[in-house]
Amino acid sequence: MASCPLSGRRIYTMREWMGGDKHFSQTVTPGGGSTAVDGKAFYEVGGAFFDPTSSQYRVYYPTDFFRCDTANYIPGTAQGCVFTGRTLVLNYGPERSRYPDVVSHVLTAQSAPGVTKPGTFSLIPGGVNSGYPLTRLLPERDTATYNRNHAKAVSTCVQFWGQNYTQGGRLDCDEYPFRSTYQGAAHSDTQTAVGYSATPLDKTQNRTAGSDLGLFYKNNRILDGDGFYVSADRPRLNLARRPRCHDRP
């Protein structure tokens, strides 16, 4: 992380600060030579009050952390930056009217895993209060796990609802945690207490919810391995979008 140059800086007295808002802007461009996965580069920015004569008795603003990347699988942008100071929440609560069966499935899986299928787990992760976030799985990075997630969920639907669980193509096998996370159904192969839920539900609802999940990934630059929570509580806020400090088409 580079320090800000001292040349050209403007110092305000306390009276000037109190007399009106002071603003500054900063543009950060991800370096093209980064060897990190997805071109990730991490930054922090803060501020300080200090005595310009002695440069002592400094009072610092809290530091904000942000990440820039050049991930080419975020639709519509070649690179961008996002603040990373908190773990985001995908809030399904406001979407009850659009896909109520999906929201109910997520809520039941998080709050009462024992009544879901296969029903052998004490925790199904992703809930805000679980302390166990989900992490995005990019299919191109781990195709095998992505496919195993879905295959295991489908085998559960077949086991409990039979080969015709789709009812002639009207239903999908909905899986939670999502197929596109590292905590999907295949994760239970190495776990005994942490698992998943699968159930047949309306195909249109399931695919609409899947499209919204894709928008959540896109709008918030959720990269492979990034963590997030899922809330199925009653409506409060719409699907969260974290602040961006810079985007470039």
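- In this structure, the side chain of N220 engages the main chain of F216 through a donor-acceptor pair within 3.5 Å.
- Side-chain polar atoms of Y73 and D224 form no donor-acceptor pair below 3.5 angstrom.
- Note that the CG atom of D174 and the CZ atom of R207 stand 11.5 Å from one another [nearest 0.5 Å].
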Practice prompt. Tell me, with the steps shown, if Q110 and S130 meet side-chain hydrogen bond (donor to acceptor under 3.5 Å, both in side chains).
Written response: CA-CA 8 Å; Q110 291 180 349; S130 70; over 6 Å; no
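- Taking 4.5 Å as the limit, some side-chain heavy atom of L107 sits within range of a side-chain heavy atom of D233.
- With rounding to the nearest 0.5 angstrom, the CD atom of E175 is 8.5 Å from the SG atom of C157.
- Around the CG atom of N129, the shell of radius 6.0 Å holds no more than 12 heavy atoms that belong to other residues, nucleotides or ligands.
- With rounding to the nearest 0.5 Å, the separation of OG in S197 from CZ in F121 is 9.5 Å.
- Looking only at side-chain heavy atoms (C-beta outward), P118 and F160 come within less than 4.5 Å of each other.
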Item to complete: Take T116 and Y176 through the side-chain hydrogen bond (donor to acceptor under 3.5 Å, both in side chains) test and state the conclusion after the steps.
Response: CA-CA 10 Å; T116 65; Y176 178 82; over 6 Å; no
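- The side-chain heavy atoms of S180 and L213, taken from C-beta on, include a pair separated by under 4.5 Å.
- Smallest separation of non-hydrogen atoms from A185 and K152: O-CD, 3.6 Å.
- Here the shortest heavy-atom pairing between L223 and A71 reads CD2-CB, 3.7 Å.
- Closest heavy-atom contact between Y196 and A153: CE1-CA, 4.5 Å.
- Here NZ of K117 is found 11.0 Å from OG1 of T156. Values are rounded to the nearest 0.5 Å.
- At a threshold of 4.5 Å between non-hydrogen side-chain atoms, the residues P177 and I124 count as touching.
- For the pair T190 (side chain) and H187 (backbone), a donor-acceptor distance under 3.5 Å is present.
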Item to complete: Show the numbers, then the answer: is there a side-chain contact (heavy atoms from CB on, under 4.5 Å) between V230 and V89?
Response: CA-CA 5 Å; V230 181; V89 178; over 6 Å; no
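- By the 4.5 Å heavy-atom criterion applied to side chains, Y165 and D172 are not counted as neighbours.
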Practice prompt. Report the C-alpha distance between T84 and Y43 in whole Å, list the side-chain angles of each, state the deciding distance to 0.1 Å, and finish with yes or no for side-chain contact (heavy atoms from CB on, under 4.5 Å).
Written response: CA-CA 10 Å; T84 57; Y43 304 87; over 6 Å; no
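- Between K203 and D101, none of the side-chain N atoms (NZ, or NE/NH1/NH2) sits under 4.0 Å from a carboxylate O, so this pair counts as no salt bridge.
- Pairing each heavy atom of H150 with each of R179, the nearest pair is CB-NE, 3.3 Å.
- Considering only heavy atoms from C-beta on, T181 comes within 4.5 Å of F228 through its side chain.
- A 4.5 Å side-chain heavy-atom check between R86 and L88 finds at least one atom pair inside the cut-off.
- Residues Q183 and T135 come closest through the heavy atom pair OE1-N, 2.7 Å.
- One finds the CG atom of L134 at 12.5 Å from the CG atom of D226 (value rounded to the nearest 0.5 Å).
- Using modelled atom types, no side-chain atom of R67 and backbone atom of F42 make a donor-acceptor pair closer than 3.5 Å.
- Between R148 atom CZ and S155 atom OG the span is 12.5 Å, to the nearest 0.5 Å.
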Practice prompt. Evaluate the criterion salt bridge (charged side-chain N to carboxylate O under 4.0 Å, His left out) for residue pair R141 and D38; output intermediate values, then yes/no.
Written response: CA-CA 11 Å; R141 292 277 166 84; D38 294 325; 2.6 Å; yes
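- L201 and W161 are assigned to two separate hydrophobic clusters, defined by single-linkage of ILVMFWY side chains at heavy-atom distances under 4.5 Å.
- Linking ILVMFWY residues whenever their side-chain heavy atoms come closer than 4.5 Å, directly or via other members, leaves F65 and V82 in distinct clusters.
- At least one side-chain heavy atom of L137 sits less than 4.5 Å from a side-chain heavy atom of N149.
- Heavy-atom minimum distance, G39 versus T70: CA-OG1, 3.5 Å.
- With D212 as the fixed residue, the side-chain hydrogen bond (donor to acceptor under 3.5 Å, both in side chains) test singles out one of Y217, Y92, Y99: Y99.
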